[in-house]
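The structure appears below as structure tokens.
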Amino acid sequence: MQFNTYTAAGAHLAVWLVNHPAPGAGDLTAVLRSHDVHQPAASSDDALVLRPWAARLREVFEAGTVTAKAELADALLAAADCRPTLVSHGDGQPFHFHYAPVRAGLAPRVRALTAAGLAHVIDDGGGARLRACDRAGCDVAFLDTSRNGRRHFCSVRCANQVNVANHRLRQRARRTAG
Ligand SMILES: [Zn+2]
Ligand SMILES: [Zn+2]
């Protein structure tokens, strides 16, 4: 699975928005710039209007089946008015997709790019890789880029906490049994 295209950047951006549902304009701008989004300067208004969008993106990560994820992502493509267009920025410059025209404004472009990013992961057969952490009480979303796609926790820390808890449960069960 390839995760190095601009489209994949849309999926990574979606992960970031879900995990930072109320970002400041500066942080949002920095993340957009790091993913090579055109004209990434975000205003605090942009950050504000993207909050409900982050909540909708989260639903895709939390949905229990790939079918449910696909239906939600499909609805996001429509809601974002995502219209892939091949654009080159001058003679000999490479063509690439724009998912909304640059003139549409920053928030609509972020909506279209993140919807396309999630849809692309699902189209690539990676729907099950759009996940939320399995530790109860942790609501971090992630894109599982591991080779076997069986990562269940957002971090080593969450994995360790669950392993320790399970270990204690087993010890207690053994004592009760003995
Ligand atoms: Zn471009
Ligand atoms: Zn976690």
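Read the numbers this way: they start at 1 and go in the same order the structure lists the ligands and their atoms.
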Is the His38 ring parallel, tilted or perpendicular to the His89 ring (thresholds 30°, 60°)?
perpendicular
Under a 3.5 Å distance rule, please check whether Asn19 uses its side chain to pair with a backbone N or O of Ala141 as donor and acceptor.
yes
Angle at the Zn ion (ligand 2) between SG of Cys158 and SG of Cys133, to 10°?
110°
Report, rounded to 10°, the angle at the Zn ion (ligand 2) between the two atoms SG (Cys138) and SG (Cys154).
110°
Would you say Asp45 and Ser43 are linked by a side-chain donor-acceptor pair, where the criterion is simply a distance under 3.5 Å?
no
Validation row: Asp46, Val110 side chains within 4.5 angstrom (heavy atoms)
no
To the nearest 10°, how many degrees is the angle His98 NE2 to the Zn ion (ligand 1) to His96 NE2?
100°
